[in-house]
S.K.: 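I have a structure I would like to understand better, so I am pasting it below and will then ask my questions one at a time.
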Amino acid sequence: MRSFICANWKMHKTRLEAGQTVSSLVSELQDTDLASTEVVIFPAFTALDVVAQALEPRPEIRIGGQNFYPALEGAYTGEISLAMLQDLGCSYVLAGHSERRHVLMEDNQLVARKLHFALQQGMKAILCIGETLEQRKQDQVRQVLGSQLQSALEGLAVESIQDRLLVAYEPVWAIGTGEVARQQDIAQAHSLVLEQLQAWFPEQAQEVPILYGGSVKPENSGQILNIDNVHGLLVGGASLKAEALGKIVQSSLKAS
Ligand code: PGA
């Protein structure tokens, strides 16, 4: 399986800043063959067009939407549709990111609607799951990941997941905190995710990339990518700097 390096820029960067970062990234990666790594950037909506333009020299680098509303179009003030994202060149979306769950109060039900809708519409979707520190302390990791996966995957047609579904394990307490999950915890969570995927999709589970996210940086990315069942990374803070993102991409080439 190819590796995946996904850059989640969250609510950062004006158009100018986003364009400059991507231009620097393109220079960082100018001698890099990306055949074995899929790089995906998730800028703010407002910067999608400049990011797409700046990526013209590297069309194999993909772009995605951090959010969308699960309807074709309609009276949903402030929301954005998949067609609008596709129009800007997006082939990926995120669903269930912990900041959407915990800050914007998206529940499992809405996350499931979004995931199903995106996959049905032919987008690649990264389903994000992860436990809080409290849940980990109370030994509820298996239960939390299990129920987040179950509610999101229930009723999904096998045909809609093939080459489209990705899962990101992102322990909430590791996101943006500088704290990284221990290797054994990552390995355990990823094997749990794989086990659940196998229960739902026995034939296809092995093909579903499972990414890790939470305080990934150039200093730890190679090591994390070498853990069993880790097929890629979802990177927030460190992905805002072209040099760091470039190094993380390079580490995926060494790890593969
Ligand atoms: P972080 O964010 O790398 O800043 O911890 C990861 C994420 O939210 O996807």
Side-chain angles (χ1 to χ4, degrees), residues 3-13 17-18 21 25 37-45 47-48 51 61-68 90 92-106 111 114-115 118 124-133 135-136 141 144-145 148-149 152 165-183 185-186 189-190 193 208-225 227 230-252 255:
S3 300
F4 291 79
I5 302 296
C6 302
N8 176 10
W9 284 356
K10 309 189 182 186
M11 201 173 73
H12 291 286
K13 294 189 189 293
E17 291 162 348
T21 307
L25 180 69
T37 294
E38 174 101 322
V39 180
V40 191
I41 302 176
F42 294 84
F45 298 138
L48 278 166
V51 167
I61 298 181
R62 310 282 171 206
I63 57 172
Q66 295 175 23
N67 187 36
F68 62 97
C90 292
Y92 280 80
V93 284
L94 299 179
H97 189 278
S98 96
E99 285 141 24
R100 303 281 329 164
R101 291 179 190 266
H102 298 283
V103 184
L104 283 308
M105 299 303 160
E106 288 189 11
V111 172
K114 291 171 91 164
L115 181 73
K124 295 182 195 246
I126 305 180
L127 168 67
C128 307
I129 57 170
E131 82 287 355
T132 62
L133 189 55
Q135 290 164 332
R136 173 162 285 274
V141 177
V144 171
L145 300 187
Q148 288 176 340
L149 279 170
L165 174 67
L166 300 89
V167 177
Y169 167 62
E170 298 201 290
V172 178
W173 46 273
I175 297 179
T177 58
E179 221 168 302
V180 187
R182 293 179 308 171
Q183 298 225 11
D185 293 334
I186 299 176
H190 280 237
V193 172
V208 177
I210 309 172
L211 281 46
Y212 168 81
S215 298
V216 173
K217 38 188 185 280
E219 296 75 33
N220 60 25
S221 57
Q223 230 174 5
I224 298 173
L225 283 165
I227 300 171
V230 174
H231 310 118
L233 303 167
L234 181 51
V235 191
S239 75
L240 294 169
K241 295 225 162 67
E243 196 190 341
L245 180 55
K247 283 188 180 148
I248 293 170
V249 172
Q250 304 284 0
S251 75
S252 77

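First listed ligand is number 1; within each ligand, the first listed atom is number 1.
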S.K.: For Gly176, take its heavy atoms, then give the atoms of ligand 1 lying under 4.0 Å from any of them.
M.R.: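 In order of numbering, the contacting atoms are 1 (P), 4 (O), 5 (O).
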
S.K.: Closest non-hydrogen protein atom to atom 2 (O) of ligand 1, residue and atom name please, with distance?
M.R.: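 Closest protein heavy atom to atom 2 (O) of ligand 1: Lys10 NZ, 3.2 Å.
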
S.K.: State if Ala174 counts as touching ligand 1 under the rule of any non-hydrogen atom under 4.0 Å.
M.R.: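 Per 4.0 Å heavy-atom rule, Ala174 contacts ligand 1.
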
S.K.: Quick one: nearest non-hydrogen protein atom to atom 3 (O) of ligand 1, plus distance?
M.R.: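 Nearest protein contact, heavy atoms only, for atom 3 (O) of ligand 1 is Gly236 N, 2.8 Å.
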
S.K.: Looking only at atom types and distance, does a side-chain atom of Gln148 sit under 3.5 Å from a main-chain N or O of Gly130, one as donor and one as acceptor?
M.R.: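 Here the side-chain-to-backbone pair exists.
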
S.K.: Run the side chain to side chain donor-acceptor pair (under 3.5 Å) test against Lys217 and tell me which residues pass, sequence neighbours left out.
M.R.: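 For Lys217 there are no side chain to side chain donor-acceptor pair (under 3.5 Å) partners, ignoring immediate neighbours.
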
S.K.: Are the side chain of Lys10 and the backbone N or O of Gly236 linked by a donor-acceptor pair below 3.5 Å?
M.R.: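 No, because the side chain of Lys10 does not come within donor-acceptor range (under 3.5 Å) of the backbone of Gly236.
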
S.K.: Gly237 heavy atoms, cut-off 4.0 Å: which ligand 1 atoms fall inside?
M.R.: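 Answer, ordered by atom number: 1 (P), 3 (O), 4 (O).
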
S.K.: I'd like to know if the side chain of Ser215 reaches the main chain of Ala174, judged simply by a donor and an acceptor atom lying under 3.5 Å from each other, with no hydrogens or angles considered.
M.R.: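 It does hold such a pair.
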
S.K.: Need the ligand 1 atom indices (1-based, order shown) with element for anything under 4.0 Å from a heavy-atom of His97.
M.R.: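 Result: 7 (C), 8 (O), 9 (O).
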
S.K.: For ligand 1, which atoms sit closer than 4.0 Å to a heavy atom of Gly214?
M.R.: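 Answer, ordered by atom number: 5 (O).
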
S.K.: Can you classify the ring geometry of Tyr169 versus Tyr212 as parallel (below 30°), tilted (30 to 60°) or perpendicular (above 60°)?
M.R.: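 It falls in the tilted class, 30° to 60°.
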
S.K.: Tell me which protein heavy atom sits closest to atom 9 (O) of ligand 1, plus the residue, atom name and distance to 0.1 Å.
M.R.: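 Here the closest protein heavy atom is Glu170 OE2, 2.6 Å.
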
S.K.: Does the side chain of Ser3 come under 3.5 Å of the side chain of Ser252 through a donor N or O and an acceptor N or O?
M.R.: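 There is no such pair between these side chains.
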
